[in-house]
Amino acid sequence: MASVTDSARTDEQDLALTWSGRWTLTHRILAVNVLTLVIFALSVLYLDSYRNRITAERLDRLTSETAIAAEAINRTSAAEREPLLSEIGVANGARLRLYARDGRRIADSFAIGEPAYRLRDPASEAWRKNVARALDRGFNALVGTRPPPDFVEPAEDRAAAWSELGAAGAKPVVTIRSAADLTPVFVGASLLADGSRLLVTKNDRNLTRTVRSQRATLAIALALATLLSILLSLFLARTIVRPLRRIALAAHRVRLGRAREVRVPRLPSRRDEIGTLARAVSDMSQSLRMRIDNIEAFAADVTHELKNPLASLRSAVDTLDKVEDPALKAQLTDVIRQDVNRLDRLIGDVGEAARTDAELARASFEEVDLGKLIEQLVGVWEQRRETGNVRIAFARPRKSSAVVMGEPNRLARAIDNIVDNAISFSPPGGLVEVAAIRLGDNILIRVDDEGPGVPGELREAIFNRFHSVRPETEHFGRHSGLGLAIARAIVEGHDGTIKVEDRDDAPSGARFTIVLPAADLT
């Protein structure tokens, strides 16, 4: 037994939780499922905000650079403009073009000096660049960003080919376009003082590298979050699958019934659904064990109780054929009749005791007015039962003041058994008093008799099955010893209590008290 107990304790310690012991399974499942999604959503929002912020900074810078270049060109002569365009283009990493009023291109910094940037052909780049561009397109689709218009050098480079030049005024106009390799090309246009137009284009590959680098960092963070989610999923599996497996194994052992005592982990430290299930299964298995023990004890008691009248009946029957004396035959016949009556009473009460628990478990409770119910029972006793000269007095309560929720027939049987017991112990001419009153949230039923009372050491034992201490004057076989046991089972099935004590208002006698919860009639 010690090894079984130690094993059960080890199981409970192994399945117990520490910091998350009070989390419900719903909270854990949501935490695991939402964690990665939240981190992913935050990463996407951060990266989109970061890219937009950098893009806005680049546009502001291009606006300033275009305005400065236009001001510088306005201050130089026509002969000095071409060297100035080349110098500004190299300094800013941009391409500057001038267009006359009629739209002709009259100067180009790339034609004057070394190009400040070169647009790359995606077909000539490594496959990793294709993967990066695919991720760029996917990210744009995810955040709902419309791709900028393509940047394509016109076949005939005139001012009409650039929409920015058409919208340009004294204040520079800047836009963003996308090169073939998805790197941004910033375009700025400004109207010069002599009516010519300045076009500034800049392929900012650093912006793409910065955004992709930040995206790679976030991808690593997301991978770590995914790994954490996997670990949390394993933890979740541990908190659900393992205890369920242990509980299922214990339930399987209970079903096989090979072990006298099967310890189901109760997991007292867990306040989630698994802990509730563990304790429910543990309580269920203990209740089942108690029921099995009670059935075994009940079967043994029934066997023992049946043997006594059967032995007497067999002896009387065997002797009857050998006796010639009519008086002795009549006496044996009376013994046989009493044994048959005793067996009949015993079998009926055994069936009643066996059905009580099952019927209460399936019963639909209803409002029962105990005043009216007891009044009907008293009338039945006075009219149909042999009470000798024992009187029954019932102090009927006010109407609807003693109402409980219960099964009327079962409650009637419990009260009937108590009254029957009181009558059997009452002396000739004695009085059995029955009362039902409400005390707070309970209904109290009291049955007083004028008998010898119940000794203190037997006040609990008399409610056990087949325990019977009958008066000497009682007819043989009238009681089976199950009446009070049935009464207690019915009362406890209605969430009530029953007890016996000495009367405090009479020299002798027993007082049986039943307490039942009152019905809520509001």
Taking the side chain as everything from C-beta on, heavy atoms only, tell me whether Phe512 gets closer than 4.5 Å to Ile445. no
Under a 4.0 Å threshold between the charged nitrogen and the carboxylate oxygen, would Arg75 count as salt-bridged to Glu71? yes
Strictly distance-based, threshold 3.5 Å: is any side-chain N or O of Ser64 a donor or acceptor partner for the main-chain N or O of Asp60? yes
If every non-hydrogen atom of Pro122 is compared with every non-hydrogen atom of Ala180, which pair is closest and at what distance? CG-O, 3.3 Å
I would like to know whether Asp136 and Arg215 meet salt bridge (Lys or Arg N to Asp or Glu O under 4.0 Å); could you show each step before the answer? CA-CA 10 Å; Asp136 290 339; Arg215 186 176 64 197; 2.5 Å; yes
Whether Thr55 side chain and Arg51 backbone form a donor-acceptor pair below 3.5 Å: yes
Between Val404 and Leu411, is there a side-chain heavy-atom distance shorter than 4.5 Å? yes
Please tell me if the side chains of Lys171 and Thr63 come closer than 4.5 Å, counting only heavy atoms from C-beta onward. no
Go through Val211 and Phe139 one step at a time and tell me if the side chain to side chain contact (heavy atoms under 4.5 Å, CB included) criterion holds. CA-CA 11 Å; Val211 173; Phe139 180 77; 5.9 Å; no
What's the spacing between Asp416 CG and Ile374 CD1 if we round to 0.5 Å? 11.0 Å
Enumerate the residue pairs fulfilling ring pair (Phe, Tyr, Trp, His ring centres under 6.0 Å) with a member in residues 64-85, sequence neighbours excluded, ordered by first and then second residue. none
Nearest 0.5 Å, what's the CD1-CG distance between Ile514 and Leu516? 6.5 Å
Could you tell me how the ring of Trp162 sits relative to the ring of Phe151: parallel (under 30°), tilted (30 to 60°) or perpendicular (over 60°)? tilted
Flag the pair Arg205 and Asp181 as a salt bridge only when some basic side-chain nitrogen lies within less than 4.0 angstrom of an acidic carboxylate oxygen. yes
Any side-chain heavy atom of Arg81 within less than 4.5 Å of one from Leu84? no
For Leu191 and Gly195, the nearest pair of non-hydrogen atoms, with its separation, is CD1-O, 3.7 Å
Once side chain to side chain contact (heavy atoms under 4.5 Å, CB included) is applied, do any residues pair with Leu192, and if so which ones, sequence neighbours excluded? Ala70, Ile73, Asn74, Leu98, Asp194, Ser196, Leu198
Of all heavy-atom pairs linking Glu366 and Pro408, the shortest is OE2-CG, 3.8 Å
Side chain to side chain contact (heavy atoms under 4.5 Å, CB included), that's the test. Do Tyr46 and Leu218 meet it? Break it down for me. CA-CA 9 Å; Tyr46 169 77; Leu218 292 177; 3.8 Å; yes
Donor-acceptor check, side chain of Ser213 to backbone of Arg209, threshold 3.5 angstrom: yes or no? no
Scanning both residues in full, the closest heavy-atom pair of Gly89 with Leu96 reads CA-CD1, 3.7 Å
Are Phe110 and Tyr117 near enough that their ring centres are under 6.0 Å apart? yes
Return the minimal non-hydrogen interatomic distance between Pro184 and Leu207, and the atom names on each side. CG-CD2, 4.1 Å
Would you say CG of Asp441 has more than 12 non-hydrogen atoms from neighbouring residues, nucleotides or ligands within 6.0 angstrom? no
Could you check whether any side-chain N or O of Arg158 sits under 3.5 Å from a backbone N or O of Asp102, counting only pairs where one atom can act as donor and the other as acceptor? yes
Please report the C-alpha distance between Val403 and Arg438 in whole Å, then the side-chain angles of each, then the deciding distance to 0.1 Å, and finally whether the side chain to side chain contact (heavy atoms under 4.5 Å, CB included) criterion is met. CA-CA 9 Å; Val403 179; Arg438 176 162 185 159; over 6 Å; no
Is atom CZ of Phe40 surrounded by more than 12 heavy atoms (other residues, nucleotides or ligands) closer than 6.0 Å? no
Got a donor-acceptor contact below 3.5 angstrom from the His494 side chain to the Glu407 backbone? yes
Looking only at heavy atoms, what is the nearest atom pair of Thr66 and Gly188, with distance? OG1-CA, 4.0 Å
Side-chain heavy atoms of Arg177 within contact of Glu164, under 4.5 Å: yes
For Arg488 and Asn417, test the side chains for any donor-to-acceptor distance below 3.5 angstrom and give the result as yes or no. no
Is the closest side-chain heavy-atom distance between Arg97 and Asp157 below 4.5 Å? yes
Closer than 3.5 angstrom, by distance alone: can the side chain of Arg279 be matched with the main-chain N or O of Val281 as a donor-acceptor pair? no
Measuring from Asn206:CG to Thr183:OG1, what's the distance to the nearest 0.5 Å? 10.5 Å
I'd like to know if Glu125 and Arg133 make a salt bridge, using a cut-off of under 4.0 Å between side-chain N and carboxylate O. yes
Roughly how far apart are Leu62 CG and Asp204 CG, rounded to 0.5 Å? 9.5 Å
Could you tell me whether Arg104 atom CZ has more than 12 heavy atoms of other residues or ligands within 6.0 Å of it? no
Say you draw a straight line from CG of Leu199 to OG of Ser190; how long is it, rounded to the nearest 0.5 Å? 10.5 Å
State, yes or no, whether a side-chain contact exists between Leu165 and Val173 at a heavy-atom distance under 4.5 Å. no
Is there a side-chain contact between Leu373 and Asp369, using heavy atoms and a 4.5 Å cut-off? no
When you measure from the side chain of Ser49 to the backbone of Leu45, do you find a donor-acceptor pair of N or O atoms at a distance under 3.5 Å? no
The side chain to side chain donor-acceptor pair (under 3.5 Å) partner of Arg95 among Thr201, Asn203, Asp108 is Asp108
So, are Lys499 and Glu460 salt-bridged, with charged N and O less than 4.0 Å apart? no
Find the distance between CG (Asn140) and CG (Asp48) and round it off to the nearest 0.5 Å. 8.5 Å
Counting only N and O atoms by type, is there a donor-acceptor contact under 3.5 Å from the side chain of Lys202 to the main-chain atoms of Val185? no
